Number of protein chains: 4
Amino acid sequence: MSALRVAVLGVGVMGSYHAEALAGRISHARVTVVSDADTARAERVAKSVDARVEADPFAAIAADDVDAVVIASPGPAHEAQVLACLDRRIPVLCEKPLTTDIATAYRIVQREAELDAPLVQLGFMRRFDAEYAGLRALVASGELGAPLLLHCVHRNPAQTDTFDSEMMMRDSVVHEADVARFLLGEEIVAVSVKRPQATSLAPTGVSDPMLVLMETASGRLVDVEIFVRTGVAYEVRTELVAEHGSAMIGLDQGLLVRRAGGAWGGQLAGGFVERFAAAYDTELHRWVQAARHGTIDGPGTWDGYAAVAVCEAGVEAVRSGERVPVRLGTRPVRVAA
Amino acid sequence: MSALRVAVLGVGVMGSYHAEALAGRISHARVTVVSDADTARAERVAKSVDARVEADPFAAIAADDVDAVVIASPGPAHEAQVLACLDRRIPVLCEKPLTTDIATAYRIVQREAELDAPLVQLGFMRRFDAEYAGLRALVASGELGAPLLLHCVHRNPAQTDTFDSEMMMRDSVVHEADVARFLLGEEIVAVSVKRPQATSLAPTGVSDPMLVLMETASGRLVDVEIFVRTGVAYEVRTELVAEHGSAMIGLDQGLLVRRAGGAWGGQLAGGFVERFAAAYDTELHRWVQAARHGTIDGPGTWDGYAAVAVCEAGVEAVRSGERVPVRLGTRPVRVAA
Amino acid sequence: MSALRVAVLGVGVMGSYHAEALAGRISHARVTVVSDADTARAERVAKSVDARVEADPFAAIAADDVDAVVIASPGPAHEAQVLACLDRRIPVLCEKPLTTDIATAYRIVQREAELDAPLVQLGFMRRFDAEYAGLRALVASGELGAPLLLHCVHRNPAQTDTFDSEMMMRDSVVHEADVARFLLGEEIVAVSVKRPQATSLAPTGVSDPMLVLMETASGRLVDVEIFVRTGVAYEVRTELVAEHGSAMIGLDQGLLVRRAGGAWGGQLAGGFVERFAAAYDTELHRWVQAARHGTIDGPGTWDGYAAVAVCEAGVEAVRSGERVPVRLGTRPVRVAA
Amino acid sequence: MSALRVAVLGVGVMGSYHAEALAGRISHARVTVVSDADTARAERVAKSVDARVEADPFAAIAADDVDAVVIASPGPAHEAQVLACLDRRIPVLCEKPLTTDIATAYRIVQREAELDAPLVQLGFMRRFDAEYAGLRALVASGELGAPLLLHCVHRNPAQTDTFDSEMMMRDSVVHEADVARFLLGEEIVAVSVKRPQATSLAPTGVSDPMLVLMETASGRLVDVEIFVRTGVAYEVRTELVAEHGSAMIGLDQGLLVRRAGGAWGGQLAGGFVERFAAAYDTELHRWVQAARHGTIDGPGTWDGYAAVAVCEAGVEAVRSGERVPVRLGTRPVRVAA
């Protein structure tokens, strides 16, 4: 089966990131068309991913060389673009929000239901994060019993002054809303917001930080600290409290569980493939890019030779119990580092 | 530029892992030829990666549809295979060991030097691991001053009984030998081995664990605990001790640094792209695989709609200060979960 | 100055703990009188701390051999006992609550103010915990800027069925109320409570867990998860979020700070006295108890001798660069382990 | 039984620390006599602990008002002082080293054996540290199987130039020698030392850091990094590697265990007494000192009153589900903070 030909609509931060990933790192896909209201930006990204520009996003959606569409355009453009993709029955990856109001979002749900085919995927990327997936698996295992509370922290180091309390809800807390639904497996039925004294760095009238309280259908509670001008870093933390224990992610220590009896801890990687999976992929990725130009990008023969020499000495040291010198020949001048 | 066509020689654990990565996850590469002394295994892997089998590895190396070669065959086969690749001047990714003795390893170094082109990359994957790369960058920054000691721990949960003390050196400690050279930037000049009382799980005559001491050209010391039957997990840990501080990786907490004055700690991710880079790639990877079959593999329109509904309620709660119910329409029966 | 002679009123869990500490571990104090409505319990504790029993707590307060009073009786008894101590102008350590209602508590405040002498200390022991004290010092240093939020978790492994939602407030959350006042340096002006779905282990009608929200005079927000039937352990955690960073205690990692620029970490002990202060005190405490009976309770001469022998060998090994055997004489049979 | 009357011989850093602890924090003991070759220092310390000075340490040992002796004098003075105490058959706490050479140390062992009474305790304080005691208990439980290796790190931020490689052995590594014997329960039979390139901060001829290797009677191996000029902090870390798991202390995270199957973690405190034991003692200690002067040293009636007021509001909020204001009266001006 040949590579998926993708049109990317909107190539701001998120869209250009997706375009580059599809072109450079994701197998079996390539970007064929780029569309953006900012033509210069469209040209720049298209060139870097070896695609062409379509000024009209609907022309991009309709193009013969497009099998699927990534929608990263501004929210108000989403409804029409998603519906056009549904009309062509091609798969979509749509960045949040699906649309900017409930009524239009529901129309898309209904339209897709009429087609009886799941075609539109939303860009809630946390569901693909190993820690969140691990936390959901833990919940599903039933080991901790029924979930009761979810404590969330969502912090950004800085935001522009136009990022007001409503945007904090629509752009930031929206991730926790999806995380809560993903982890608890039920709908959120009510929302309250507490607006404490704001940081002096917040623009006038903007409540930053806020505490958002969400209630689920079965009466569970989700609290979210949203604080987007901390000056510190991007911090995303989630703690699930259940009847027989709790589990936390986002403390740079993997999935930490606290269990009946007071034991707390995590789980070590089982093997070298799990531990170094990303390193293996990076190794192959860089080697492939270099090999396409007839060279390498990593440790070379001298490194392999030196390792053999050390192991020889080591094996002799195992046998003899003595300190054994490593015997290295002269390093040829021309061999690359 | 078209995709790199790769021959994979040897498809045991490591070779088949590489073959599947090249076929499924690594852009711009595909596996065209598979070769293995075990023909059934070769057939099985070739089928799964959509390649053909060449019984003779040298025929694979010489094939017209091969641009580069991954060598994951048994060590004794490496010398001839690497030299054949050098003769054809095509790039190689060779799993350790380069060869099984110093003399042949040095011959390869010399042969490549004559060609004046770096073509052979060694499979020391730790150099591509973010923690090791971060540790090397820290050393290079000079912030901690000159390195003095390297403490390494290398543990496996289990090994077969044939994995004796020599194999522990050649197969396991070889990674620490390369890590030491990579981090300290100099050659190892001598090796000693301490063989304490062995675990009762070790076969007779096998020293497991061992403490391996390596000295570098400038007199630095590297100690390595190698223990391959712990029953616990795969544990790889490295602590670098320098004149003005120390740094440790492998404790599931990223790169932890201890600095002048007694401060210890790490560094948080700067932004959502850094924090969720792997999640974004996984999201795209799974979406591309599904989209090639005309569907999706992730959160759908109902999830997008529910998020919009929660944000609507949230924005109203920000404005009103009240608890606001979330208004959700009926979920269409046919929409996929 | 001679030892403080203390009367302990109420010797349930807390009172008997205090009595034993005063008698056994706290210098310059002894328990002279014990009083409890449960006479047998009073006798038992009095005997163990070498004190006498007074059935009437007011007789205990008035006794000639009492310089100060610890009040650990049930809450309803506090008002009269504290006032009696104030009448005698002797110092009091009163376990929470001061009294069981606002009016009587305020009367005590006023009575003490008339005397113009601080005589009544409350048993909010967290103020004396190194982590809480460190967190307050960090706030006071101004390094993190103005505090904005306080997230608290207070969990107990189990409680009796009589421990209802009101007791969760009065007995458990009361500590967080004091911690908030201690850390933020201002009064709490309003309280709200969220009662999510309860754990199935909670008695009917009891909301366990709850989320308690407290607002301070300047508009800061304090949220407290109170959950007293977790089955896990005693968990007390506090995170302070300020304008330029955040700090957390209670994760078994000391005081962890997240600062501008994304650095996170803690502070190592400066010296061996700080690191081993508790060990030194335990050593002396146990040695004193043993020495009073003419013996020791710790490592003995053989341990001292063996250490000397190892150091001798070590010094020779430093000089010679060789492996040096440790020369130990025969161990006398009669020397204690 | 009356308080133990202690003579402290030598009041440098360690001796004066012990003297102050015995006088101020340790129950049932007081310092009656202080002796030091530096008379001014002896006077200063004696005054602060309310003791008298004896210029002659043997007079101090023989004094009527001395029940037991702390020896913190220079090492060469230990032999005679310990023997004098043995002659009087009074208990001793002797700082390391027992004596400065093997022969004299063995004479003390023999002399004490003749008396058939353990009277001399050595100042190996780590045995009283909760983490070391916990590690020993874990070993004793047999849960991890037979110990195989002990990795130790011992770092000081700075030392004087006179602190040479021999002193690093006698003054610093001596602690690890005792720790190894304590944890492994057997004697050390040989020592080797590796002297890598020294830090540029080390005086000429001083090997700092060093790697010390100790072998036990049954063939276990102990490695110790000793590094006394790190500029960082006091760092003491010990990892025990056993047949079925490993355990580490000294990472500011308590006792961390890695077990069969790959689980890693620690143990939370079971209850509030365990968690806040030190806080309770500090609270009582400070209250007793203040109460002896007729006052308090901690939270007062206003804090107790404010807590009652918050709890009242909280209880009402539990009942009503509403936000409830906290009703506080006017704070009397005279009440202490």
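Within every chain, numbering begins at 1; the chains are lettered A, B, ... in the order of the sequence lines, protein sequences first and strands thereafter. Please read these numbers as outputs of a predicted model, since none were measured by experiment.
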Item to check | Interatomic distance, A:Glu316 atom CD to B:Met169 atom CE [nearest 0.5 angstrom] | outcome: 11.0 Å
Next on the checklist: Ignoring hydrogens, what is the shortest heavy-atom contact between A:Ala291 and B:Ala68? Give both atom names and the distance.
Outcome noted: CB-CB, 4.2 Å
Checklist entry - Closest heavy-atom contact between B:Leu119 and A:Gly294? => result CD2-O, 3.4 Å
Item to check | Residue A:Arg170 versus chain B: region with a heavy atom under 4.5 Å | outcome: both
Item to check | For A:Glu322, all residues meeting salt bridge (Lys or Arg N to Asp or Glu O under 4.0 Å), sequence neighbours excluded | outcome: none
Checklist entry - Under 4.5 Å between any side-chain heavy atoms of B:Leu284 and A:Tyr17, yes or no? => result no
Checklist entry - Under the side-chain contact (heavy atoms from CB on, under 4.5 Å) criterion, do A:Met14 and B:Phe272 qualify, and how do the steps go? => result CA-CA 11 Å; A:Met14 212 59 246; B:Phe272 63 94; 4.0 Å; yes
Next on the checklist: Once rounded to the nearest 0.5 Å, what's the spacing between atom CG of A:Asp129 and atom CZ of B:Arg275?
Outcome noted: 4.0 Å
Item to check | Beyond-backbone contact of A:Ile296 with B:Val120, side-chain heavy atoms, under 4.5 angstrom | outcome: no
Checklist entry - Using non-hydrogen atoms only, which part of A:Met167 is less than 4.5 Å away from chain B: side chain, backbone, both, or neither? => result neither
Item to check | Option that, when pairs with chain B are counted at under 4.5 Å, heavy atom only, ranks first among A:Leu22, A:Leu268, A:Val92, A:Leu93 | outcome: A:Leu93
Item to check | Contact class of A:Val315 relative to chain B, heavy atoms under 4.5 angstrom | outcome: both
Checklist entry - How long is the span from the CZ atom in A:Arg25 to the CG atom in B:Asp281, to the nearest 0.5 Å? => result 4.0 Å
Checklist entry - Relative to each other, are the rings of B:Tyr305 and A:Tyr106 parallel, tilted or perpendicular (30° and 60° limits)? => result tilted
Checklist entry - Any ion pair linking A:Glu283 and B:Arg127 (charged N to carboxylate O, less than 4.0 Å)? => result no
Checklist outcome for this item: Okay, A:Ala217 and chain B: the region with an atom under 4.5 Å from a heavy atom over there is neither
Next on the checklist: Is there a side-chain contact between A:Arg286 and B:Phe128 in this structure, where contact means two heavy atoms from C-beta onward sitting under 4.5 Å apart?
Outcome noted: yes
Checklist outcome for this item: Residues at least two apart in sequence or cross-chain that pass salt bridge (Lys or Arg N to Asp or Glu O under 4.0 Å) with B:Arg126, listed by chain then number, are B:Glu176
